[in-house]
Amino acid sequence: MTGPEGWEALAAAVIHGRRRGIVVGAGTILNPRDAERAVELGAAFTVSPGIDEDVVQSHGVLGVPHLPGVATASEVGLALALGLRWQKAYPASLLETGWFRALASPFPQVRWVATGGVDINNARPFHGAGAAAVALGSSLANASPLELRALLDDLQEQT
């Protein structure tokens, strides 16, 4: 939600998703007002690149889940203290797979979503290193349907 076209796209995606029974979330949420607007437009959850206590607290009032971005042990701990077990490891491509292995021991209760630079080629290693989920954004545009099906099958086998 970094520009006016983002809000229009969210509204259209929510309408399109509802017709097909698909849940739509909103990112990049940077402040409580944007969280409120996203929920008003129908977002079922929100995502941020970092963690902000005001944004997290606004979601308690709004009644939708929030996925904060974390990159350090301190941020993971803060997110946990704020009641957020699911967290966005961002940017995953810079954190690399060792990050997940290193933080799994002190934070076994956290479920990470690897996002930011995740693509068809590195999604499997992230999942294998401990990411509970991987987010493929713009990389989906470059992947073939066969590659995506193979990836989904592999990830389901690992689970």
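Predicted, not measured: the structure shown is a model, and the values here were computed from it.
Taken to the nearest 0.5 Å, the CG atom of Leu151 stands 9.5 Å off from the NE2 atom of His127. Going from atom CG of Leu67 over to atom OH of Tyr90 covers 12.5 Å, rounded to the nearest 0.5 Å. Going from atom CG of Asp52 over to atom CG of Leu78 covers 9.5 Å, rounded to the nearest 0.5 Å. Taken from CH2 in Trp99 to OG1 in Thr72, the straight-line distance is 8.5 Å, to the nearest 0.5 Å. In this structure, Trp112 CH2 and Phe126 CZ are separated by 13.5 Å, a value rounded to the nearest 0.5 Å. The distance from atom CG of Leu82 to atom CD of Glu53, rounded to the nearest 0.5 Å, is 5.0 Å.
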Would Val14 and Arg18 count as a side-chain contact (heavy atoms from CB on, under 4.5 Å) here? Give the steps. CA-CA 6 Å; Val14 167; Arg18 282 187 181 146; 3.5 Å; yes

Leu84/Val56 under side-chain contact (heavy atoms from CB on, under 4.5 Å): CA gap, chis, key distance, verdict: CA-CA 9 Å; Leu84 301 170; Val56 172; 3.6 Å; yes

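Counting only distance, with no hydrogens or angles, the side chain of Trp86 and the backbone of Val113 share no donor-acceptor pair below 3.5 Å. Asp34 places no side-chain N or O within 3.5 Å of a backbone atom of Val55 that could act as its donor or acceptor partner. Ser48 places a side-chain N or O within 3.5 Å of a backbone atom of Ile29 that can act as its donor or acceptor partner. Side chain of Arg101 to main chain of Gly130: no donor-acceptor pair is present (N/O by atom type, distance under 3.5 Å, no hydrogens or angles).
Between Arg33 and Glu36 there is a salt bridge, with a side-chain nitrogen of the basic residue lying less than 4.0 Å from a carboxylate oxygen of the acidic one.
Placement of Val47 and Val110 in two distinct hydrophobic clusters is found when ILVMFWY residues are connected by side-chain heavy-atom separations under 4.5 Å, directly or transitively. Ile15 is not connected to Val24 by any chain of hydrophobic side-chain contacts under 4.5 Å among Ile, Leu, Val, Met, Phe, Trp and Tyr, and they are in different clusters.
In terms of heavy-atom proximity, Thr97 sits nearest to Pro125 at CG2-O, 3.6 Å. Residues Ala73 and Leu103 approach most closely at CB-CD2, 4.0 Å, considering heavy atoms. Ala26 approaches Leu10 most closely through the heavy-atom pair CB-CD2, 3.8 Å. Ala79 approaches Gln87 most closely through the heavy-atom pair CB-NE2, 3.3 Å. The two residues Ala92 and Val118 make their nearest non-hydrogen contact at CB-CG2, 3.9 Å. What you find for Leu41 and Ala11 is that their closest heavy atoms are CD2-CB, 4.2 Å.
Side-chain atoms of Leu30 and Pro49, non-hydrogen and from C-beta on, do get closer than 4.5 Å to each other.
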